[in-house]
Every structure is written in structure tokens, then in C-alpha cells.
Amino acid sequence: MGDDAVKKRMLAMLTAAVLLLVMLAPSAWAAVGWGEQGEEVRRVQQKLKQWGYFKGDVDGVFGKKTYDAVVRFQKKNGLPADGIAGKKTLEAMGISQTKAVSVSSGSSYAADVELLARLIHGEARGEPYVGMVAVGAVVLNRVKNSRFPNTIAGVVYQKGAFDAVSDGQINLTPGEQSRRAARDAMNGWDPTGGCLYYYNPSTATSSWIWTREVRLNIGDHSFAI
């Protein structure tokens, strides 16, 4: 094989290696701005809604309400108020600059997502998606409340707290929808507005649970405080 052929082959191999590295690299979030749609916009809306900047529906559409909410957040946090959720704004919101978090990374976040997803799968599979997120939100609301354990694992495994733990369904493998619902809840989406309890009125046997104030119903579940 001649020198030119060897050089061409080495160049081809180098090019292929560079392309492979690019394909495997984490996908960085671009700036999120007016007119865009999708998961990135929805996560921005969820964060802003959690902190009271955004009053609209978390619909994944970056319109005027989202723009105004971003501007308010930026002004409050000393950022350039351009209405664009760029790198610094996303970092200030605590939104990761990579689109996905691997559940096998060994991080505490990943472990919490997986545990919450297993609970959601055991308690709410077959429910509307918003109802699955709502179950996850109840767990997180308990974590924040001084009457309950202050970790997701502590809340989930609190004695008698969830049927899915008692009957072993917590050990089932969750689907991607349950994992997505867990991530949405952990990113601040709370369809319940702060509820600490939920139950199925058709199957509930505890007389105590009926004493709680029901705030809303989603699918087969009543959510209460």
C-alpha cells in the first residue's frame, strides 16, 4: 500500500472517530426563546411556575406569558432581562445543560427518579399522565413538610404510607412514562397545588382518609390536604 493510500486511510479513520465522539457527546441545551416548543420550554415553565413567576399553563409553548415570566426572573436574579432562557438563565433556574440524566449514573438524583418512578408505576399506572405526575408531587410535598420524612426514600417507605410498598408493586420495573412523570414532578410540576394525600374513593377503606379536605380529582384518585 502506497504512502498516499495509508494517509487517506488514516484520515478516514480519524474523521470517523471524531464523528463518533460528537454523536456520543451530551446534547447541550441551546437558548430557549419566543416561539419555541418542546420539553425544554416545559421545564422552564415548570420552574417559573414553581417560584410564582409564571401563571399560565405548562404547555411547552414559549409565548408572551413565558417571555414575561423569564424577564421577571432575570430581573430578580440580576441577569440581562432579554426574555431568553440562555445558559446563565438556565443555570440560575437549576436546569441542567444536558437534556437527559442517565438513571444508571449512580447519582442521588437518578436514584430518586427511579424510586419515584417505581412508586408512580405501582400506584398510578393506567391513570392519566397528569395523575401520574400528581402522585409523584404528593411524595415531594411530603418531603418538604415537617410532618413527614425529609427524603424521597423516607416518604416512600414510611410504614403504611403507600399500597404499592405494602403489596410489593414497588418492585415492578417502571416504564418510561413513569420515569418521565417522576422527572416532571422533581422538576417542579405539581398538578395538585400542594396536596399531601391521595386515595381512590372506590377502594379506600381507611375512615381517616375521608376526613381530609379534597382539593381535586384526577382519574380515579382524589387529592387532599
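Just so we're clear, the structure is a prediction, and the values are computed from it rather than from any experiment.
In this structure, the side chain of Arg118 engages the main chain of Ile170 through a donor-acceptor pair within 3.5 Å. Within the 3.5 Å criterion, the main-chain N or O of Gly83 finds a donor-acceptor partner in the side chain of Gln74. Remark: side-chain polar atoms of Gln169 are not paired, donor with acceptor, to backbone N or O of Glu123 under 3.5 angstrom.
Considering Arg72, Lys49, Gln46 as possible partners of Phe54, the one that fulfils the side-chain contact (heavy atoms from CB on, under 4.5 Å) test is Lys49.
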Can you give me every donor-acceptor pair (side chain of residues 128-138, partner residue at least two apart or in another chain, under 3.5 Å) with its distance?
unit_1, atom_1, unit_2, atom_2, d
Tyr129, OH, Arg180, O, 3.3
Tyr129, OH, Ala181, N, 3.2
Tyr129, OH, Asp184, OD2, 2.6

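In summary, the aromatic rings of Trp34 and Phe62 are positioned with their centroids too far apart to meet the 6.0 Å limit. For Tyr197 and Trp208, the ring centers are positioned less than 6.0 Å apart.
We find the CD1-CG distance between Ile152 and Asp112 to be 4.0 Å, quoted to the nearest 0.5 Å. Taking OG1 from Thr89 and CG from Asn77, the interatomic distance works out to 8.5 Å, rounded to the nearest 0.5 Å.
The side-chain heavy atoms of Leu48 and Met93, taken from C-beta on, include a pair separated by under 4.5 Å. In this structure, Val143 and Asn141 have side chains that are not in contact, with every pair of non-hydrogen atoms separated by 4.5 Å or more.
Comment: Glu176 engages Arg183 in a salt bridge, judged by a side-chain N to carboxylate O separation of less than 4.0 angstrom. Checked for salt-bridge contact, Glu91 and Lys87 meet the test: a charged N lies under 4.0 Å from a carboxylate O.
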Original post:
After noting the C-alpha distance and the side-chain angles of Glu39 and Arg42, does the key distance pass the salt bridge (charged side-chain N to carboxylate O under 4.0 Å, His left out) rule?
Top reply: CA-CA 5 Å; Glu39 181 67 18; Arg42 193 149 63 95; 2.7 Å; yes
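Within the structure, every pair that satisfies the salt bridge (charged side-chain N to carboxylate O under 4.0 Å, His left out) test and touches residues 190-216, not counting sequence neighbours, is listed here: Glu213-Arg215.
Ring geometry for Phe73 against Tyr53 counts as perpendicular: the plane angle is over 60°, on a 0 to 90° scale with 30° as the lower cut.
In this structure, Lys159 has no side-chain contact (heavy atoms from CB on, under 4.5 Å) partners at least two apart in sequence or on a different chain.
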